[in-house]
K.L.:
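Following this message is one structure expressed as structure tokens.
In what follows, every heavy atom counts, from backbone to side chain, and hydrogens, waters and symmetry copies are set aside.
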Amino acid sequence: MRTRVRGWRWRHNPLRRRSDVVEAWTALAVAVLLLVGAPLAGAVVGWWAHDGARAVAVAQRAERHRVRAQVTGGIPEQLPSEQGGRESDLRVMARWTEPGKGPRTGPARVPAGTRTGDVLDVWFDTRGRPVSPPPDDVAVWQHTVTIGVCAAGGAAAVTFVGYGVARRVALHHRLAEWEREWARTGPEWTRRRA
């Protein structure tokens, strides 16, 4: 029957090797990094990503404006998803009225499934080019969470890789210790008795 003694690597005893102590400290460091370091890295990087995404959203909201437009034509026979493209954006001809500039007709980006005669919101930049809408708060938070989770996962992966390397080095040193000990004690065990 096998008995397991907890914490044997921390206690002083004649069977404890230096590599056992190093492995115990490494395991403790890995636990702390996984439980504290990876979530902290995810939170810090997520916070940084949130600030950046919010600044981009504010800048895009300032340079883009929304108008109500009526789709006048230019809807493709096949949807972009059937042609292998993205389904979310279609470029069609639309008519809208901008304040102070009067009615205009030109290309606009609209969601897939739009039909001729539909009235919907379209976005334009300061030069009058059709653009996608600026990101809203939900998109900013989705970006934040995605980047934060990826950073925490990356920190955990680096920790696991480092732990694997440390264990491999410890195993190499342990085998070298055993080899030295055997070279010293092996001849006493293998002598022929007359």
Side-chain angles (χ1 to χ4, degrees), residues 1-63 79-89 111-112 131-194:
M1 181 152 66
R2 186 175 175 183
T3 304
R4 187 170 190 165
V5 178
R6 295 185 187 270
W8 67 272
R9 290 180 174 150
W10 298 102
R11 296 184 189 142
H12 183 69
N13 67 55
L15 298 177
R16 183 183 71 178
R17 298 174 301 250
R18 193 174 127 221
S19 62
D20 295 330
V21 175
V22 169
E23 193 170 344
W25 281 106
T26 303
L28 180 65
V30 165
V32 168
L33 286 174
L34 287 177
L35 296 175
V36 177
L40 185 63
V44 168
V45 171
W47 189 267
W48 171 77
H50 180 75
D51 288 343
R54 192 174 53 196
V56 167
V58 166
Q60 286 184 358
R61 285 184 197 128
E63 72 179 24
L79 292 176
S81 62
E82 296 169 1
Q83 299 170 354
R86 288 190 332 166
E87 187 177 318
S88 61
D89 270 354
V131 293
S132 59
D136 57 358
D137 290 337
V138 172
V140 169
W141 278 107
Q142 285 174 342
H143 177 74
T144 300
V145 170
T146 301
I147 296 297
V149 167
C150 288
V158 167
T159 301
F160 280 126
V161 168
Y163 182 60
V165 168
R167 289 217 28 173
R168 189 155 181 109
V169 169
L171 177 64
H172 177 71
H173 285 291
R174 187 178 308 128
L175 291 175
E177 281 181 55
W178 287 349
E179 194 66 36
R180 283 191 303 272
E181 289 293 321
W182 183 250
R184 192 170 47 106
T185 60
E188 294 177 18
W189 286 74
T190 57
R191 269 192 246 165
R192 293 187 186 200
R193 295 185 182 203

K.L.:
Among Glu181, Arg180, Arg174, which one satisfies side chain to side chain contact (heavy atoms under 4.5 Å, CB included) with Trp178?
P.N.:
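Only one option passes, and that is Arg174.
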K.L.:
If you compare all heavy atoms of Gly42 against all heavy atoms of Ala151, which two are closest, and at what distance to 0.1 Å?
P.N.:
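Reported closest heavy-atom pair: CA-CB, 4.1 Å.
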K.L.:
Any chance you could measure Leu175, atom CG, to Trp182, atom CH2, to the nearest 0.5 Å?
P.N.:
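Going from CG on Leu175 over to CH2 on Trp182, the span is 15.0 Å.
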K.L.:
State whether the number of non-hydrogen atoms from other residues, nucleotides or ligands found under 6.0 Å of Glu63 atom CD is greater than 12.
P.N.:
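Counting other residues, nucleotides and ligands, CD of Glu63 exceeds 12 neighbours.
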K.L.:
NE2/His50 to CG/Asp137 distance, rounded to the nearest 0.5 angstrom?
P.N.:
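Atom-to-atom, His50:NE2 and Asp137:CG are 8.0 Å apart.
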K.L.:
Which heavy atom of Leu35 sits nearest to which heavy atom of Pro39, and what is that distance?
P.N.:
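Distance-wise, the nearest heavy atoms are O-CG, 3.6 Å.
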K.L.:
With rounding to the nearest 0.5 angstrom, report the CG to OH distance, Leu33 to Tyr163.
P.N.:
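Between Leu33 CG and Tyr163 OH, I get 12.5 Å after rounding to 0.5 Å.
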K.L.:
For the OG1 atom of Thr146 and the CH2 atom of Trp141, what is their distance to the nearest 0.5 Å?
P.N.:
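If I round to the nearest 0.5 Å, the distance is 12.5 Å.
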K.L.:
Looking only at heavy atoms, which two atoms of Ala57 and Pro134 are closest? And how far apart?
P.N.:
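Looking at all heavy atoms of both residues, the shortest contact is O-CB, 4.4 Å.
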K.L.:
Between the main-chain N or O of Pro135 and the side-chain N or O of Arg61, is there a donor-acceptor pair closer than 3.5 Å?
P.N.:
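Looks like yes, one N/O pair under 3.5 Å.
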K.L.:
Shortest non-hydrogen contact from Ala166 to Thr26?
P.N.:
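Ala166 and Thr26 have their closest heavy atoms at CB-CG2, 3.8 Å.
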K.L.:
Can you tell me if CH2 on Trp47 sees more than 12 non-hydrogen neighbours from other groups inside 6.0 Å?
P.N.:
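Check fails, neighbour count at 12 or below.
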K.L.:
Check Gly46 against Thr144 and note the closest heavy-atom contact, atom names and distance.
P.N.:
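Gly46 and Thr144 have their closest heavy atoms at O-CG2, 3.2 Å.
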